[in-house]
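For reference, the structure discussed in these notes is given below.
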Amino acid sequence: MQVEPQEVSLGWEIAVLTILGLSLMIAIGWYSYNKRLGADVDDFFSASKSLGFLIIGLTIFADSYSGNSFLGYAAETYRSGAWFLVYPQFMVAAVIGSLIVAPPLINLGLKWDYTSPIDYLEHRFNSRVAFIATFFLLWGTFVQFTEQFFAMGYLGNVASGGVVPYQLVIVLFAVVILLYVGLGGFRGTALSAAVQGTLMLFSLFLMLVLIGTLGGFTAQMETVWQEAPSKLTIPSDSTMRGWYSTIVLILLGLPTYIHIQQFYLGIKDAEDLKSTFRLQAPIFFFAAITLWIIGMFASGVFPGLSESGSEQVVPYLLGAFVQIEGGTLLPSLIALGVIMATLSTAGATVMVVSMVLAKDLYGRFIDPEAPDGRIINASRVFLALSLLVALGIAFQPSLTIWAWTELKFEFLLQATPLFVFGLYTHRVKNTPAIAGMLVGCAVAIALYLTGNSEVFSFHAGIVGLVVNSVVLLGGSYLSGQDEETERAKRILRYNSIAVADADDETAVRYVLPAQTKSFWIGLGIIIAVMVPWYAPDAWNARLAFGLPIWTWVTIGALVLETLFVVFSTYIWRPKPPRDSEQDVPREEEMPAD
């Protein structure tokens, strides 16, 4: 079944649902404003670490699967074809990356009372390292925030049948974000995102229903085999090298997002963090594979779309349903889920951007004596300014959403070694850390400026990351151990020790996933099988639902990857009580703040 892509108004249903949804977000912001514990920075920016795993799990899902996921990744699947199975794989891989970063970070955060990841960077390293790293972290988060305006504008413009201009849509949503984030802070943003995540899951389920009403998946794959068979055949060697590069890019990049780390720091304890990962793994799998299915399905419904047209395949599918079935309620509910996806990520990212600018730059380097109330008010000013800058960039979009996604990770990755290595080894030192970030960034920029955004199909940011890591580790180990590394050793003794709060005298030492051989062996096996470099040409033959054999093998590897996340939460266990007590350091051994 093929139909003409059209901008079809979704009628009064989408207007009513959107008004109700936006009103609910503002109400949650007002509720959270009234629940605040005074003008307190820790409460405003981390909800005093009081949120449970269900809220945080849904929040991180809603934050990770944004408007650019619902629109941009489905669009990239449409353009690339079946090889974009890399998308669900790298989203689940991002959870694996978080299993490396989050457990030690929240343990240190509970012990040393970190409100934000920048607190960790300054405590573990020094203010110069924290200052430079902040700009890489802000880059990734601000681009992620700006991307949401593209998704808002595309959806609102098409869903209204072209009546509401793209620019007006993004202005209206910016006002709503300003209200509920400015009022509610971290608590309001997290509670809103949890509600948004629930609506997003419902929307994804309805997308599968929509596929059935528009002729089914198998019928559209027949069209793809006829119109664009290259979208279903085994990808080239260079594509598969790029596949691996993208997996590494996101595996290490998404856990480095400062807004993702901020939500992890809001978790109460290690057991809640385990539950969060067990919730995340199947949700991330379901969401990503559904959006891949949508992109492949659209390839059959709308063959031959231009690049700019492909960016709107999801709104076009909603319009196709209206043209064929005549109803607007189902596509309106789906559109509401996309709106919630966009709002959730936009709200979370701009909240953290304003926090970093106010607390970690203004409050740390410009006015260290500023009271908490002044810092909170400054964050609201930065919130408004960030919205204005993002609006200016988004008014005339020039790149595809996927292009922006790749670009943000290229430079965000240069802060990654401070977490991946700095959380586990005391040998990583300040001066090599600064040198690594600057050299790695310079390499990535030089490659871009010389037209080499990929080197042998590997992203420039990955090349920069490798150089960064070599400089960091080489410089740190060659300079030997000294007072700096001894201080780091005392701090990192708590990277696997869980305490209820900073003043708690009872503690349990855990064996973290990244501290076990089975985690790294399992990860090696997963990485080896997830890209189908081993697929023979015979696997191009069709199997179920019109998909070739190699895609089903790859989907099997994706299921294995998802199960690996759950497995990792079970090897993450407390040490036996006697061993744990021997390992817990005495308070007098800890460095002074």
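In this structure, F136 has its ring center no closer than 6.0 Å to that of F411.
There is a side-chain donor-acceptor pair under 3.5 Å between T239 and S236. No side-chain donor-acceptor contact under 3.5 Å links E227 and T223. Defined by atom type and a distance below 3.5 Å, a donor-acceptor pair is present between the side-chain atoms of T141 and H259.
Cation-pi check for R79 over F84 is not met; the charged atom does not lie both under 6.0 angstrom from the ring centroid and within 45 degrees of its normal.
The list of side-chain hydrogen bond (donor to acceptor under 3.5 Å, both in side chains) pairs with a residue in residues 524-535, not counting sequence neighbours, reads Y244-W533.
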Any chance you could lay out the side-chain contact (heavy atoms from CB on, under 4.5 Å) test for M200 and F70, step after step, and finish with the verdict?
-> CA-CA 9 Å; M200 288 161 58; F70 275 68; 3.8 Å; yes
Working for side-chain contact (heavy atoms from CB on, under 4.5 Å), residues T328 and F321 | CA-CA 8 Å; T328 56; F321 180 90; over 6 Å; no
For F90 and L251, what are the C-alpha separation, side-chain angles and deciding distance, and is it a side-chain contact (heavy atoms from CB on, under 4.5 Å)?
-> CA-CA 6 Å; F90 71 58; L251 184 150; over 6 Å; no
Do Q280 and V565 pass the side-chain contact (heavy atoms from CB on, under 4.5 Å) test, and can you show the C-alpha distance, the side-chain angles, and the key distance before you say yes or no?
-> CA-CA 9 Å; Q280 279 180 271; V565 174; over 6 Å; no
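When side chains are defined from C-beta on, L54 counts as touching L58, because their heavy atoms get closer than 4.5 Å. Side-chain contact between Y316 and L305: present, with at least one pair of heavy atoms (C-beta onward) separated by less than 4.5 Å. Taking the side chain as every heavy atom from C-beta outward, E13 and L333 never approach each other to under 4.5 Å. Side chains of L208 and F286 form a contact here, defined as non-hydrogen atoms less than 4.5 Å apart. By the 4.5 Å heavy-atom criterion applied to side chains, L273 and F277 are counted as neighbours. Residues K231 and S80 have side chains not in contact (no heavy-atom distance under 4.5 Å, counting atoms from C-beta outward). The shortest distance between side-chain heavy atoms of I549 and N540 does not fall below 4.5 Å. Between S192 and V195, every side-chain heavy-atom pair lies at or beyond the 4.5 Å cut-off.
Closest approach of A93 and I247 over heavy atoms only: CB-CG2, 4.1 Å. In plain terms, the two heavy atoms of L214 and L317 that are nearest each other are CD1-O, 4.1 Å. The two residues V322 and G327 have their closest heavy-atom pair at CG2-O, 3.6 Å. Taking both residues in full, the closest heavy atoms of G81 and W292 are given as O-NE1, 4.1 Å, listed atom of the first, atom of the second, then distance. The shortest non-hydrogen separation linking S469 to P417 is OG-CG, 3.8 Å. Nearest heavy atoms, L99 versus S568: CD1-CB, 3.7 Å.
Residues forming a salt bridge (Lys or Arg N to Asp or Glu O under 4.0 Å) with R542 (at least two apart in sequence, or on another chain): E222. Residues meeting the side chain to side chain donor-acceptor pair (under 3.5 Å) test with T256, sequence neighbours left out: T416.
With hydrogens and angles disregarded, a donor-acceptor distance shorter than 3.5 Å links the side chain of Y78 to the backbone of F302. The backbone N or O of L204 sits nowhere less than 3.5 Å from a side-chain atom of T290 that would complete a donor-acceptor pair. Side chain of R573 to backbone of I571: a donor-acceptor contact under 3.5 angstrom is found.
Distance OG1/T554 to CD/Q89: 6.5 Å, rounded to 0.5 Å. Distance check: M351 CE to D63 CG gives 8.5 Å after rounding to the nearest 0.5 Å. To the nearest 0.5 Å, the span separating OG1 on T189 from CD1 on I28 amounts to 10.5 Å. Note that the CH2 atom of W552 and the CG atom of L85 stand 10.0 Å from one another [nearest 0.5 Å]. Distance OH/Y87 to CG/L291: 4.5 Å, rounded to 0.5 Å. Rounding to the nearest 0.5 angstrom, the gap separating the CD1 atom in I334 from the OG atom in S203 is 5.5 Å.
Under the 30°/60° scheme for interplanar angles, the aromatic rings of F61 and Y65 are found to be tilted.
Under a cut-off of 6.0 angstrom, the local environment of CZ in F545 is sparse, with at most 12 non-hydrogen atoms contributed by other residues, nucleotides or ligands.
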